[in-house]
Amino acid sequence: MTAAEPAASRYEAVIGIEIHCQLKTVSKMFCGCSTEIDGAAPNSHCCPVCLGLPGVLPTINKKAVEFVIATGFAIEAKVATTTRWDRKNYFYPDLPKGYQISQYQLPLAAEGRLTFDTSDGPFTVCVRRAHLEEDTGRLIHAELDGRRVSLIDFNRSGMPLMEIVTEPDIRTAEQARRYAEELRLLMQTIGASDAEMENGQMRVEANVSIRPRGQEAFGTRVEVKNMNSMRAVERAIAFEIERQTVAVDAGEKIHMETRGWDEARQSTYHMRPKEEENDYRYFPEPDLPPLLTSPEWLAEIKARLPELPSARRRRYRDEQGLSAYDADVLVNDATAAALFEGAVAADPAVPPKLLANWVTGEYMRLAKGGEGSGAAAVDPAELAALVELVVDGSISGTNAKEVFAEHFATGRGVSSIVKARGFEQISDAGALGTAIDTVLAANPAAVADYRAGKAEVLGFLVGQVMKATRGQANAGMVQNALRERLDKAE
Amino acid sequence: MAELTRADVEHVAHLARLGLTEEELARLEGQLNHILDQYKVLATLDTAHIPPTAQTIELQNILREDAVQPSLAVDEALANAPERSGDHFVVPAILGGEGGA
């Protein structure tokens, strides 16, 4: 080992990821308050239960439990037959009861795994556990009459959260981002969470440590949070690995702490020392009876699972002949995937590969353009009909794009647009013949050049015919007909 | 069972965000150790054949359907607030960052 050797090859990063997802229920975890809290007045979605008033009792939201069980099946985890809730005790004003109801010893799901693609090929992360808990209130630190105070909004208190914790299997910042992206896609696919990071429906925290390559013992870990996008997840972890590498190289000790990601500075900063696990003094929640999951209930939840992203990618590739890239683009965009599936179903005669090209190409380009109103108006059957017209040569590819753009914007039927714009391609030999004769008569010099052996003049003549027919001629037919006439007359 | 030291009491007080005087710490150290002494008596019982339980009533699987019930009006929710500002509860600022979650 020499000093000149790059640090990246001397140390290995060890990363575990904790993700909190807000579950897509209409009511909170342990009470009936509505979860529609976005933009609501502070403390307008609260009741004695989620305000932690004395004497109240929580009741478990069945749907939230089902979402965690469904997630457990989706990540091939062991789903608990007996589960229980525990109190995690700590004192902070965002937690009105002085404890958070969580799951400690008996989580709903354990020992799962998730496989996803990275630039280095497929990678599998083992998931240690997935459990249910309740969210906290929201604090705003402010100054009031010269005093430093915290303003509390308990609307978020008691919102259902699923916490998913991986084993420390991850070695690079890219793997961490890809894991979070794949989990987000999974949550959205099974409908457990909208999992949008920007509005806190999905919160990613990373435990990062480094160790000399070849050493088995873990280094001291640092928790990194406040990463508000997938890009931030990758950058924050990469920064933290580099920071620890430099510190260890300089002989400094890494402290167990929680660090936040500062997006503006693109660096992590110290937030607080990390409390030890036993400082939370977990104990069984006496207000909630244990939950036994019957085999029938579990089977019912499993049967309701939709096609998962990994299976869908495989089907698109293996059964419908899409490239791995197109399959992935579609799987990551639910609206595009629905359009593709609908078009395939509408006309099984059109090759799925061509439909996928239109969806990932023209459709997604227009959808990204921001004219959102048109997006829902694309009728899968109309798309299939349009591609069919291109395949059988009734309309040129260029004109088809214009037709699609108009359909996207107005929802008007494809055949009606084609007629209105006069885009029906002239494939009729008689009509083409007239146009070709006119062009040949008007360009005697070009005809003479061609016959003198300048074959490249043919392209010019094709262009003249296309111009004369306003692009409606079938270019292949024009070329053949021209060649036939020019060669024959010789 | 080990005795609670003064340092243990200070640590628990810190976790509970309680600022205690020397006198209070000394009194609580005595009281907490007294409670532990009573557990030592309980610990002499043979419980090898009794399964652990966190429940005193034999209930299980109490679930509710995911349905919205009315919340309190904002004024009702804030009725017991030590202080309010607009629609927020007001409490003294706590230094030292957030808790767990």
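As a basis for the values below, the full set of heavy atoms in this structure was taken, side chains included, without hydrogen atoms, waters or symmetry mates. Numbered from 1 within each chain, the chains take letters A, B, ... in sequence-line order.
At a 4.5 Å heavy-atom cutoff, the contact between A:Pro48 and chain B is made by backbone and side-chain atoms alike. Residue A:Glu36 does not touch chain B at all, counting heavy-atom pairs closer than 4.5 Å. Looking at A:Cys50, neither its backbone nor its side chain comes within 4.5 Å of chain B, counting heavy atoms on both sides. For a residue to count as touching a neighbouring chain, one of its non-hydrogen atoms must lie under 4.5 Å from one of that chain's; by this rule A:Leu51 touches chain B with the side chain only. With a threshold of 4.5 angstrom between heavy atoms, A:Leu288 approaches chain B through N, CA, C or O but not through any side-chain atom. Of the two parts of A:Trp297, only the side chain, counted from C-beta on, holds a non-hydrogen atom closer than 4.5 Å to a non-hydrogen atom of chain B. For A:Phe283, no part sits under 4.5 Å from any heavy atom of chain B, backbone or side chain. Using a 4.5 Å cut-off between heavy atoms, B:Leu78 touches chain A through its side chain atoms alone. Only the backbone of B:Ala67 comes within less than 4.5 Å of a heavy atom in chain A; its side chain stays farther off. Of the atoms belonging to A:Leu151, heavy atoms from both backbone and side chain fall under 4.5 Å from chain B.
In this pair, A:Tyr282 and A:Tyr104 present their aromatic rings parallel. The plane angle is below 30°, not in the 30 to 60° band.
Contact count against chain B (heavy-atom pairs under 4.5 Å) is highest for A:Ser34 among A:Pro284, A:Ala64, A:Ser34.
A salt bridge does not link A:Lys225 with A:Glu18: every distance from a Lys NZ or Arg NE/NH1/NH2 to an Asp or Glu carboxylate oxygen is 4.0 Å or more.
For the pair B:Arg17 and A:Phe91, the NZ or CZ position fails the cation-pi test of under 6.0 Å to the six-membered ring centre and within 45 degrees of the ring normal.
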